[in-house]
Amino acid sequence: MRTIFVNRYFHPDQSATSRMVSALAFGLARKGGTVTVLASRARHDRNDAPFAARETCSGVDVVRLTASRFGRRTLPGRAIDYLSFHLAAFTWLSRNIRHGDVVVVCTDPPLISLTCALPIRLRGGRMVNWIMDLFPETAIELGFLGRAPMLGRLVSWLRDRSIARSRLAVCPTGRMADYLLARRVPAERIRVLHHWSDAAEIYPIPREENPLRAAWGYADKFVVGYSGNFGRAHEFATLIEAATLLKDHPDIRFLMVGGGYRLDSVIGAVRERGLKNVAFKPLQPAGYLAESLGAPDLHIVSLKPRLEHCIIPSKFYGILAAGKPTLFIGDPNGSVATVVAAERCGVLVRIGEAETLARTISDLAADPEQVKAMGVAARTAFEADYAFDRALVAWSTVLDDLAERDPVPAGAVILEHGPS
């Protein structure tokens, strides 16, 4: 059996989906599996220096398709990048799938499973939908399809049909799985497999031994960190207001690491308020990820409540691995909030409660023993449920189970009912 992953980004790209797919592909190859990855030649954070069209990386056959590289800064450019990858993936799969291949189709670009379903089925492959972000719901909740509600319903229905006709849909949270079940996606097609982090890559580093913390001038400060994508799904106003309330506190600093669509607006808000207690750093190289996540004493994770069934902030698992507390801003009953509360590895604050957030940060800065205890609880929860070794076993079991079944019979995809 050959396992083929379809995702727009792959190692050494450091986007969230790339890191997940890369880790799993390399892990399966180490276990003796035959693994191919279908990706683009682009990097998520730059348009120049495209990757080689084909290479073997740690035992994985990496096929990089030629597609446009307008980048992430504008919606039209991003849409063209999406479409060109859809077309390239359809063409490659139509020519190269072998009978019995398991094709794990991710969600970057959005709705790629709709494009992949036909060639996979016609050539006797077996499709697994790995749903990292749920589309078109994410776009709908963010207001992009507000003027075209019928289009949103149609695409949702087509997506549901692609899941129903696939061998399996893998969701990262129970909330997402419940949503799909409510849409009458067959229960036997859905499996919840949590995201993870790699214990060998991200691990606790004592604050006094962290070279980045010293280099950035935080040796004797209480640091509140945000690390990762500054995306549309995340809420920053509450954090900025809390930083404003704490601007005169001599020992509290805010460290923002990463990039993304909303980075410029966050920088602009900080500059407009004249906040000297907030600093920005670029996303650090993979080799320094443990040091970067270990620099803050406390990490912020945020998610707009209406997106709880669509997205899980993957940065949360790296924070657990680093042994750091999480201060979650969002739905107190959401997926991250539930883990934080159950494991006692952080604190929950609702969006808009800036005074509560500022007071919580100030209280934690004055109580290092509580911060340490929450960090220990975070690492314990990680090792019990969210370490990569456990995820690799779970995924291997799923794929081995598929290998024991009869391949999906070749045949045309017939749409029997219209959208509701």
Side-chain angles (χ1 to χ4, degrees), residues 1-13 15 17-41 51-67 85-86 88-109 112-113 115-132 162-163 165-170 189 191 193 195-196 198 200-201 387-410:
M1 182 188 74
R2 178 174 61 161
T3 303
I4 302 173
F5 290 91
V6 182
N7 191 66
R8 197 155 54 111
Y9 299 117
F10 188 71
H11 177 85
D13 184 86
S15 62
T17 60
S18 172
R19 290 178 59 79
M20 300 296 295
V21 173
S22 301
L24 184 54
F26 293 148
L28 293 173
R30 285 195 301 271
K31 289 170 65 69
T34 301
V35 182
T36 296
V37 170
L38 201 60
S40 75
R41 299 183 64 188
F51 295 117
R54 189 144 194 176
E55 61 181 326
T56 299
C57 187
S58 298
V60 175
D61 179 24
V62 184
V63 180
R64 300 189 189 273
L65 304 174
T66 299
F85 186 83
H86 274 256
F90 180 89
T91 301
W92 190 93
L93 292 171
S94 297
R95 296 172 177 172
N96 293 282
I97 290 180
R98 299 194 292 261
H99 195 73
D101 284 346
V102 172
V103 186
V104 182
V105 182
C106 303
T107 47
D108 188 358
I112 187 65
S113 66
T115 299
C116 295
L118 181 60
I120 293 171
R121 184 172 177 82
L122 291 178
R123 293 187 64 90
R126 294 167 287 188
M127 185 167 77
V128 175
N129 278 275
W130 187 3
I131 308 173
M132 298 185 190
S162 78
I163 293 175
R165 291 183 174 272
S166 67
R167 283 294 184 152
L168 199 65
V170 175
R189 292 287 190 267
R191 183 75 60 83
L193 295 177
H195 288 344
W196 64 80
D198 190 337
E201 183 181 44
F388 172 65
D389 289 346
R390 290 179 175 271
L392 180 59
V393 171
W395 269 95
S396 297
T397 300
V398 166
L399 296 175
D400 289 345
D401 181 59
L402 286 177
E404 294 174 359
R405 303 180 191 178
D406 292 333
V408 177

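Nothing fancy with the numbering, it's 1 onward along the sequence. The structure displayed is predicted, hence computed values, not measured ones.
To the nearest 0.5 Å, atom CZ of residue Arg2 and atom CG of residue Asp101 are 4.0 Å apart. Summarising the geometry, atom OG belonging to Ser162 is positioned 9.5 Å from atom CD1 belonging to Ile120; distances are rounded to the nearest 0.5 Å. Going from atom CG of Leu65 over to atom CG of Leu38 covers 4.0 Å, rounded to the nearest 0.5 Å. The CG atom of Leu168 lies 12.5 Å from the CH2 atom of Trp130; values are rounded to the nearest 0.5 Å. How far CD1 of Ile131 is from CG of Leu193: 11.5 Å, rounded to the nearest 0.5 Å.
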Start with the C-alpha gap between Thr36 and Asn96, add the side-chain angles, then the distance that decides, and say whether side chain to side chain contact (heavy atoms under 4.5 Å, CB included) holds. CA-CA 11 Å; Thr36 296; Asn96 293 282; over 6 Å; no
Go through it in stages, so that I can follow the logic: the residues are Leu24 and Leu28, the test is side chain to side chain contact (heavy atoms under 4.5 Å, CB included), and I'd like the CA-CA distance, side-chain angles, deciding distance and then a yes or no. CA-CA 6 Å; Leu24 184 54; Leu28 293 173; 4.1 Å; yes
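Counting all heavy atoms, side chain and backbone alike, Arg191 lies closest to Val398 at NH1-CG2, 3.2 Å. The shortest heavy-atom contact between Ser166 and Met127 is CB-O, 3.3 Å. Across all their heavy atoms, Ser18 and Asn7 have their closest contact at N-ND2, 4.0 Å. Of all heavy-atom pairs between Gly27 and Leu392, the closest is C-CD1, 3.8 Å. In this structure, Cys106 and Ile112 approach most closely via the heavy-atom pair O-CG2, 2.9 Å. The heavy-atom pair separating Met132 from Thr17 by the smallest distance is SD-CG2, 3.6 Å.
Checked against salt bridge (charged side-chain N to carboxylate O under 4.0 Å, His left out), Asp13 has no partners two or more places apart in sequence or in another chain. In this structure, the ring pair (Phe, Tyr, Trp, His ring centres under 6.0 Å) partners of Phe10, at least two apart in sequence or on a different chain, are Phe26. In terms of the ring pair (Phe, Tyr, Trp, His ring centres under 6.0 Å) criterion, residue partners of Phe388 (sequence neighbours excluded) are, by chain and number, Trp196. Take Arg390 and apply the salt bridge (charged side-chain N to carboxylate O under 4.0 Å, His left out) test, not counting sequence neighbours, and it matches no residue. Every residue was checked against the salt bridge (charged side-chain N to carboxylate O under 4.0 Å, His left out) condition with Asp198, not counting sequence neighbours, and none meets it.
No side-chain donor-acceptor contact under 3.5 Å links Arg41 to the backbone of Ala67. Checked by atom type and distance alone, the side chain of Ser40 pairs as donor or acceptor with a backbone atom of Arg8 at under 3.5 Å. A donor-acceptor pair is defined here as one N or O able to donate and one able to accept, closer than 3.5 Å; no such pair exists between the side chain of Arg167 and the backbone of Arg126.
A donor atom on one side chain and an acceptor atom on the other are found under 3.5 Å apart for Thr115 and His86.
The shortest distance between side-chain heavy atoms of Trp92 and Ile4 falls below 4.5 Å.
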Please table the atom pairs, donor to acceptor, closer than 3.5 Å between any side-chain atom in residues 51-58 and protein atoms at least two apart or in another chain.
residue : atom : partner : partner atom : Å
Arg54   : NE   : Asp61   : OD1          : 3.1
Arg54   : NH2  : Asp61   : OD2          : 2.6
Glu55   : OE2  : Arg64   : NE           : 3.3
Glu55   : OE2  : Arg64   : NH2          : 3.1

